[in-house]
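Only this structure's heavy atoms are used, side chains among them; waters, hydrogens and symmetry mates stay out. Convention: sequence-line order gives letters A, B, ...; per-chain numbering from 1.
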2 protein chains.
Amino acid sequence: MVERTSHRAAPEHTHPDDVPVQTALAALADPVRITLVRELSGCPAWTRSCGSFDVPVGKAALSHHFTVLRGAGLVEQRDEGPKRVNRLRREEFDARFPGLLALVLRED
Amino acid sequence: MVERTSHRAAPEHTHPDDVPVQTALAALADPVRITLVRELSGCPAWTRSCGSFDVPVGKAALSHHFTVLRGAGLVEQRDEGPKRVNRLRREEFDARFPGLLALVLRED
DNA sequence: GGGAGTGTATGGTTTTCATCGAACACTCTG
DNA sequence: CAGAGTGTTCGATGAAAACCATACACTCCC
């Protein structure tokens, strides 16, 4: 009798400390993912589900982009009921790559 | 009678100020180009010709990589006799994207 | 339990990008 | 001026990545 609220496999996460620079740069060098990160930065943690983002791609592609963002240590995800909610890993990522997130978040 | 030392077309340059973040990130998200930038950062300006870099690609690919770096405002080139010598645009690029170059140049 | 909502996995298509070989252009030197 | 050295351009190839449609898995609510 474990206290589990979900029978789904928890998403695999990579800590920013384990991410090579090149991977971080590649993750952020995509227009859709830049949009995701920017939108995510505008709301409190755990308030945005994956499907709530305004990007011009289908569900499958969107899911793929979140996998990439997780693998780059940029996003943390947690299952909440039927939805998967997100959090931008601001501090951890900034500790590993100081200033990088700021460059992406600022609008030129 | 103009004072010209070269009849070759000067390479097209893009100033960092005119470079979108995404372009800068994409330019740096490549192992060969990271090597070029790192090696270039280790020597004084205008001392390295294109062919003098130790990267595992042919001439054509190398030329392409320098085109990308120029287009991202990372590298400036000048013809010097038969060679084309390079300069890393440290200050200009850092003014436009503070901290980004530092992230790439540090070895983790 | 059925059905709607949400997200992932799979298979296949398209696009993009790095790469190469070969041909060409320019510079210098002998 | 012929030839070596340097770098670019062109066309083609192969690999990687983005994308879609479909099918599947899980959660919640009626």
Side-chain angles (χ1 to χ4, degrees), chain A residues 2-13 20 22-37 40 46-72 75-87, chain B residues 2-13 20 22-37 40 46-72 75-87:
Chain A
V2 200
E3 292 245 7
R4 275 170 66 72
T5 171
S6 168
H7 294 180
R8 241 181 311 181
E12 273 188 25
H13 285 96
Q22 195 188 318
T23 303
L25 296 175
L28 291 169
D30 176 278
V32 173
R33 289 192 291 264
I34 287 186
T35 301
L36 294 179
V37 169
L40 202 48
W46 311 121
T47 59
R48 296 292 300 267
S49 68
C50 294
S52 72
F53 292 85
D54 185 26
V55 285
V57 295
K59 295 195 306 177
L62 187 57
S63 179
H64 162 68
H65 283 302
F66 274 107
T67 303
V68 174
L69 290 177
R70 271 194 336 254
V75 161
E76 191 178 2
Q77 297 186 310
R78 172 208 296 175
D79 287 338
E80 215 163 78
K83 320 195 155 181
R84 180 160 284 188
V85 290
N86 299 278
R87 177 182 88 85
Chain B
V2 200
E3 292 246 7
R4 273 170 67 70
T5 172
S6 167
H7 294 181
R8 238 182 312 181
E12 273 189 25
H13 285 96
Q22 194 188 318
T23 303
L25 297 175
L28 291 169
D30 177 277
V32 173
R33 290 193 288 266
I34 287 185
T35 302
L36 294 178
V37 169
L40 203 48
W46 310 122
T47 59
R48 297 291 299 268
S49 69
C50 293
S52 72
F53 291 86
D54 185 26
V55 285
V57 297
K59 297 194 303 178
L62 187 57
S63 179
H64 161 69
H65 284 301
F66 274 106
T67 303
V68 174
L69 290 178
R70 273 195 331 258
V75 161
E76 191 177 3
Q77 296 186 311
R78 171 208 298 174
D79 287 338
E80 214 163 78
K83 318 195 158 182
R84 179 159 286 187
V85 291
N86 299 277
R87 177 182 88 85

> Starting at CD of Glu80(A) and ending at P of dC28(D), how long is that distance when rounded to a whole Å?
Replying inline: 10 Å

> Can you tell me how far P of dT6(C) sits from CG of Asn86(A), to the nearest Å?
Replying inline: 14 Å

> At under 4.0 Å between heavy atoms, what does Ser49(A) touch on the DNA or RNA strands: base, sugar-phosphate, or nothing?
Replying inline: sugar-phosphate

> What's the NZ-C1' distance between Lys83(A) and dT27(D), to the nearest Å?
Replying inline: 12 Å

> If you look only at pairs with a residue in residues 54-72 of chain A, which of them pass as a salt bridge (charged side-chain N to carboxylate O under 4.0 Å, His left out), with sequence neighbours excluded?
Replying inline: none

> Which residues satisfy the side chain to side chain contact (heavy atoms under 4.5 Å, CB included) test with Leu62(B), sequence neighbours excluded?
Replying inline: Leu36(B), Val55(B), Val57(B), Phe66(B)

> Can you list, by residue number, the residues of residues 53-61 of chain A that have a non-hydrogen atom closer than 4.0 angstrom to DNA chain C?
Replying inline: Lys59(A), Ala60(A)

>> Tell me whether the side-chain N/O atoms of Arg84(A) come closer than 4.0 Å to OP1 or OP2 in dT8(C).
In response: yes

> Is His7(B) near enough to dC26(C) that one of its side-chain N or O atoms lies under 4.0 angstrom from OP1 or OP2?
Replying inline: no

> Atom CD in Gln77(A), atom CD in Glu12(A): separation rounded to 0.5 Å?
Replying inline: 12.0 Å

>> Without decimals, in angstroms, what is the distance between Gln77(B) CD and dT6(D) C1'?
In response: 12 Å

> side chain to side chain donor-acceptor pair (under 3.5 Å) with His65(B): which residues, sequence neighbours excluded?
Replying inline: Arg33(B)

> With side chains defined as the heavy atoms from C-beta onward, is the minimum distance between Val37(A) and Leu28(A) less than 4.5 Å?
Replying inline: yes

> In whole angstroms, how far is the P atom of dA17(D) from the NE2 atom of His64(A)?
Replying inline: 8 Å

>> So, does His65(A) get its side chain near the phosphate of dC19(D), meaning an N or O under 4.0 Å from OP1 or OP2?
In response: yes

> With sequence neighbours excluded, what pairs up with Ser52(A) under the side chain to side chain donor-acceptor pair (under 3.5 Å) test?
Replying inline: Arg48(A)

>> Could you work out, with side chain to side chain contact (heavy atoms under 4.5 Å, CB included) as the rule, every residue matching Ala29(A), not counting sequence neighbours?
In response: Leu25(B), Ala26(B)

> With a 4.5 Å heavy-atom cut-off, do Phe53(A) and Val32(A) have their side chains touching?
Replying inline: no

> What's the CZ-P distance between Arg78(B) and dT8(D), to the nearest Å?
Replying inline: 16 Å

> Got a sec, which residues hit side chain to side chain donor-acceptor pair (under 3.5 Å) with Glu76(B), two or more places apart in sequence or on another chain?
Replying inline: Arg87(B)

> Should Lys83(B) and Cys50(B) count as side-chain neighbours, where that means a heavy-atom distance under 4.5 Å?
Replying inline: no

>> Tell me the interatomic distance from Leu36(B), atom CG, to dA18(C), atom C1', rounded to whole angstroms.
In response: 13 Å

Is there any protein nitrogen or oxygen under 3.5 Å from a nitrogen or oxygen in nucleotides 12-14 of chain D, and what are the pairs?
none

> With sequence neighbours left out, what residues match Ser63(A) under side chain to side chain contact (heavy atoms under 4.5 Å, CB included)?
Replying inline: none

> Tell me: CD of Gln22(A) to C1' of dC17(C), nearest whole Å?
Replying inline: 14 Å

>> Need to verify one output field. Residue with the more 5' nearest nucleotide on DNA chain C, Pro82(A) or Phe66(A)?
In response: Pro82(A)

>> I need the Glu80(A) CD to Asn86(A) CG distance, nearest 0.5 Å.
In response: 10.5 Å

> In residues 25-32 of chain B, which residues come under 4.0 Å of DNA chain D by heavy atom?
Replying inline: none

